[in-house]
Each structure stands twice: as structure tokens, then as C-alpha cells.
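Note on naming: letters A, B, ... go to the chains in the order of the sequence lines (proteins, then strands), and numbering restarts at 1 for each one.
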There are 2 protein chains.
Amino acid sequence: MTPSAPQPEGARPVPAPRPRPGGRTARIRRQVLDAVLAELGEHGYDGLTMDAVAARAGVHRATVYRRWGDVGGLLADVLDAASDDAWQPPDTGSLEGDLAALNREIQDALTAQPPIVAALIAASFRSEKADHAQRRLWEDRYARCEVIVDRAIRRAELPPHTDARPLLIAATAPVYHQLVLLRTPPDPGLPGRAARTAALAASADAFTTPSSAGDT
Amino acid sequence: MTPSAPQPEGARPVPAPRPRPGGRTARIRRQVLDAVLAELGEHGYDGLTMDAVAARAGVHRATVYRRWGDVGGLLADVLDAASDDAWQPPDTGSLEGDLAALNREIQDALTAQPPIVAALIAASFRSEKADHAQRRLWEDRYARCEVIVDRAIRRAELPPHTDARPLLIAATAPVYHQLVLLRTPPDPGLPGRAARTAALAASADAFTTPSSAGDT
DNA sequence: CCACTATTGCGACGGTTGGTGCATTAAGAT
DNA sequence: ATCTTAATGCACCAACCGTCGCAATAGTGG
């Protein structure tokens with residue numbers, strides 16, 4: 001079973017809804033998840049072995065196997081933990097500015113050193129559990145970004161019935177595509193260009209729903 | 001074309017290893033590559049082991065190890081072999097039609113059963129060799145697609161200095177993004193919508209190089 | 001046809017990782 | 001303090017990896 005979302009650093013020990021949220025369990029969980037991030041940054045997703053994680057965390061392999069099952073369980077837990085932050089999309093005052101800033105954040109995250117984000121995306125292909133967690137993270141992030149489109153509609157930059165998701169996908173997909181799939185070196189102009197392209201198509205009604213109130 | 005048969009360095013410094021592309025060598029290569037595809041389709045990239053490939057191909061493990069080195073070498077050879085086909089982008093008579101047809105081909109390939117293309121993309125993250133081969137394949141495919149933009153320019157559908165690559169990326173990235181990264185179920189309307197969006201932005205000069213003859 | 005040799009098959013080895021039964025420890029309650 | 005039992009550590013096995021030396025095979029040139 002997956003060990004539900006762990007609390008971030010130093011969170012107050014909540015009044016024990018779980019059978020035994022003892023100090024040892026929480027401490028080991030934090031140690032293991034930190035070890036996963038560290039191993040992921042050093043050796044990449046391919047060098048992420050249960051043995052190395054357990055050794056770095058200072059716990060026995062069997063403990064990691066029982067609580068997380070396999071590497072995918074570890075990744076899934078890390079990904080779910082990533083959804084617990086308070087991230088919000090940028091707010092620059094214009095649609096194109098928001099999308100460009102968003103794309104810049106994406107590019108920075110994908111090219112950061114160590115490449116943890118890229119490693120997590122790549123690793124999500126190896127496991128069903130990590131895949132599901134990755135999808136939840138995508139859904140969470142794109143849902144939060146919908147406010148960008150809402151604001152643009154409120155500013156009358158976009159027609160009222162613009163579909164947020166396809167617009168956000170069109171704006172961000174080129175950045176992911178080039179950096180994750182094509183693996184081309186980062187292009188400083190790409191975030192802005194992709195944002196401009198999507199904003200242009202959006203203002204030309206390329207993302208308005210034919211029927212109203214129809215969510216995909 | 002062949003995996004160039006990397007000789008075991010240091011073991012036997014043969015000064016003039018006469019290449020021997022005899023019938024047996026080629027036959028074994030084909031058997032092994034077919035086995036790789038079959039294993040990839042059945043067990044996915046994660047279940048792709050050297051032992052299983054050798055057993056299915058009817059050759060000894062040592063042979064596979066000697067000629068391809070590791071799983072990455074096998075994948076790289078498969079990817080390189082994929083570049084040797086005579087694929088050409090569709091020609092429907094219009095830019096949007098070409099892009100839509102291209103996107104439909106991409107979507108079909110990515111959702112085919114067994115998911116060999118998706119498995120190859122995912123597997124390209126596991127190995128340096130497979131990664132390089134995958135990049136070569138991307139480059140080959142996108143280079144072949146540039147003729148779509150050339151034809152559109154010749155038809156006066158696009159301004160003369162339109163950059164082919166960013167346009168092709170913008171048109172195809174959403175399909176890859178949704179199917180490979182986001183892992184959403186295939187949307188029959190997505191190829192056409194992405195093509196329409198890109199064509200619209202392109203006709204609005206979104207992909208023309210600001211300065212003269214563009215590079216990249 | 002024959003000699004030469006690159007290539008393959010064969011069996012085995014040590015090493016690493018994935019995964020699991022069993023004994024021990026420690027958290028939580030009485 | 002003591003009991004209960006969830007959680008952990010330990011030992012163990014199975015599968016796969018990567019490599020080696022040697023024998024057998026089959027292209028290649030004479």
C-alpha cells in the first residue's frame with residue numbers, strides 16, 4: 001500500500017488518525033523520501049535502486065520494500081508530496097505574459113540541476129503507481145493554471161467561452177516536447193515564442209468551445 | 001546502419017578486423033531485433049531483458065552481449081533501423097490538412113497495440129545510446145516533414161520566411177504531450193485542432209524569422 | 001576443395017538487485 | 001511496569017547482469 005501523503009518538514013504531528021504514527025515511522029518516511037530525492041539527483045532514475053535508497057536513508061531494505069513496494073511506490077510518494085505545495089501560476093497582467101512566465105518556470109524546472117523534475121517524468125514510465133501519481137500531478141498543475149485563462153477572459157483579452165485546457169496545452173506543450181522528448185538544448189526564446197503563438201491563436205477563437213458549458 | 005559491432009576494447013586488439021557481413025551475421029541481427037520488438041510489445045521496456053531477447057531470438061546470451069553490449073545498444077539498433085524506412089509526410093494539398101494528417105499518424109502510432117512506439121520513447125530514457133538514437137530519429141522525422149512547410153510557402157499559404165521547425169513543433173507537440181506525457185486517453189479531435197491552431201498562428205506570421213534567413 | 005579465422009555456442013563464475021519468511025524491537029495502551 | 005502488536009532488522013533465495021575461456025561453426029579467400 002502506498003503510505004499516504006507524508007507531511008512536509010516539521011509539520012505538527014496531527015492527532016494520530018493513523019493506527020500508529022509514532023515518531024519512528026514518520027522519521028523513517030522522511031529519511032527515505034529525502035534519500036529518494038538525493039539518489040534521483042545523483043544517479044538519475046536509472047540508478048535509483050531500493051538498496052541505495054535504503055542505505056542512504058539508514059534503514060533496512062526490507063522496510064522500504066514493505067512500505068513502498070517497489071521503486072514506483074517511492075516515486076509515487078514523492079510525486080504526491082509535490083502536489084502538496086502552494087504553487088500558483090504567475091500573474092503578470094496579460095495572457096501572453098502569464099503564459100511566457102509559466103513556460104519559463106517549466107523550462108527552468110526541466111533544466112534544473114540536478115534534473116529531478118526530468119528524472120521524475122522519465123521515471124513515471126517505469127511504474128504504474130508512479131504513472132498514476134504523475135497524472136495526478138499534471139491534473140493538479142493544469143487545473144491551477146486555468147486561472148490564467150479566467151483572468152484573461154475577465155480582462156476581455158479572450159472570448160468568453162475559451163477552453164482553458166487546450167489553450168494551456170498548446171502553450172506549454174512545445175516546451176515539454178523540446179526538452180523532454182526531443183532533448184534539444186534549452187532555447188531561451190522558446191517560452192516566449194510558444195506563449196505568443198498560443199495567445200495569438202486564442203485571440204483568434206481557436207480554443208472556443210462550439211457548444212457551451214461543455215467540459216472535456 | 002549496422003550497430004557497427006563495437007568490438008570489446010582491449011580484449012583483442014585486432015589491427016585489421018576484416019568486416020564479415022555474411023549471411024549468418026545479418027540473419028542473427030534480424031532475429032535479435034525482431035525479438036526485441038516482440039519482447040517490447042509483450043512485456044514493455046521494463047521487461048526487456050537480455051536473457052529474454054536472446055532466448056526468443058534463439059541465440060546465446062553471450063552473442064547478444066558481444067554485439068550489442070546492453071539493452072541500450074539493442075534499443076539504439078532498433079531505432080536506427082526505424083530510420084531506414086521510406087516514410088514521407090502526408091500530402092493533402094493544404095497546410096492544415098497535412099498537419100492534421102500528420103498528427104493523426106502520430107496519434108495512431110502512439111496508441112497502436114502493442115504500444116511499441118510509446119515503449120521505444122519511454123525506453124530512450126534508460127540509456128545513453130538509445131537516447132542518441134532516439135534524437136537521430138526525431139531529427140530525421142522532423143527534417144522530412146519540412147517539405148510540408150515548403151509546399152505551403154510555395155502555395156502562398158504561408159509567408160516566405162516561415163521557420164519550418166517551430167511550426168512543426170507547435171503543430172505536433174500537443175499530440176505528443178497529451179499521449180506521452182499527460183497520458184490522457186486519445187482524443188479524436190486533437191490532431192485536427194492542433195493542426196488548425198498551428199496553421200492559424202503560422203498564417204498570422206507567428207513563425208517568421210524576425211531577421212533575415214533564419215538559422216536553427 | 002581446403003585452409004583460415006571471424007563469429008557463435010556453451011557452460012560457468014561473481015556480483016547486484018528484487019523480493020520474502022522469520023525473529024526482534026519499540027510504539028501505544030492498560 | 002507490562003502487555004500487545006505494528007514496525008523493523010536479518011537472513012535467505014531467485015532472477016538478471018556482465019564476463020570469461022574454450023570448443024564448434026560457418027563465412028571468406030586461396
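Distance, B/Asp51 CG to D/dT19 C1': 13 Å, rounded to whole Å. Atom CG in B/Asp70 sits about 9 Å away from atom P in D/dT19, given to the nearest Å. One can place CG of B/Leu74 at 13 Å from C1' of D/dC17, the figure rounded to the nearest angstrom. Atom CE of B/Met50 and atom P of C/dT17 are 18 Å apart (whole Å). For the pair A/Arg67 CZ and D/dG9 C1', the computed distance is 14 Å after rounding to whole Å. Atom CH2 in B/Trp68 sits about 12 Å away from atom P in C/dT7, given to the nearest Å. Whole-Å rounding puts the A/Asp46 CG to C/dG18 C1' distance at 15 Å.
Remark: A/Arg104 engages no residue in a salt bridge (charged side-chain N to carboxylate O under 4.0 Å, His left out) (not counting sequence neighbours). A/Arg193 pairs by the salt bridge (charged side-chain N to carboxylate O under 4.0 Å, His left out) definition with A/Asp187, not counting sequence neighbours. Partners of A/Gln31 by side-chain contact (heavy atoms from CB on, under 4.5 Å), not counting sequence neighbours, listed by chain and number: A/Arg27, A/Ile28, A/Ala57, A/Val59. Listed by chain and number, the residues in a salt bridge (charged side-chain N to carboxylate O under 4.0 Å, His left out) with B/Arg196 amount to none (sequence neighbours excluded). Take A/Glu146 and apply the salt bridge (charged side-chain N to carboxylate O under 4.0 Å, His left out) test, not counting sequence neighbours, and it matches A/Arg165.
Within the structure, salt bridge (Lys or Arg N to Asp or Glu O under 4.0 Å) pairs that include any residue of residues 51-63 of chain B comprise B/Glu39-B/Arg56, B/Glu42-B/Arg56, B/Asp51-B/Arg61 (at least two apart or interchain).
A salt bridge does not link B/Asp150 with B/Arg154: none of the charged nitrogens is closer than 4.0 Å to a carboxylate oxygen. Salt bridge status for A/Arg126 with A/Asp131: absent, with no side-chain N to carboxylate O gap under 4.0 Å.
Helical stems in DNA chain D, defined as runs of 3 or more consecutive Watson-Crick or G-U wobble pairs with donor-acceptor distances under 3.5 Å: C:1-30 with D:1-30.
The shortest distance between the side-chain N/O atoms of A/Tyr65 and the OP1/OP2 oxygens of C/dG18 is below 4.0 Å.
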Output side-chain donor-acceptor pairs under 3.5 Å for residues 174-182 of chain B, partner residues at least two apart or in another chain, one line each.
residue, atom, partner, partner atom, Å
B/His177, NE2, A/Tyr142, OH, 2.9
B/Gln178, OE1, B/Thr184, OG1, 2.9

Every protein N/O within reach of nucleotides 9-12 of chain C N/O, cut-off under 3.5 Å:
residue, atom, partner, partner atom, Å
C/dG9, OP2, B/His60, N, 3.2
C/dG9, OP2, B/Thr63, OG1, 2.4
C/dG9, N7, B/Arg66, NH2, 3.1

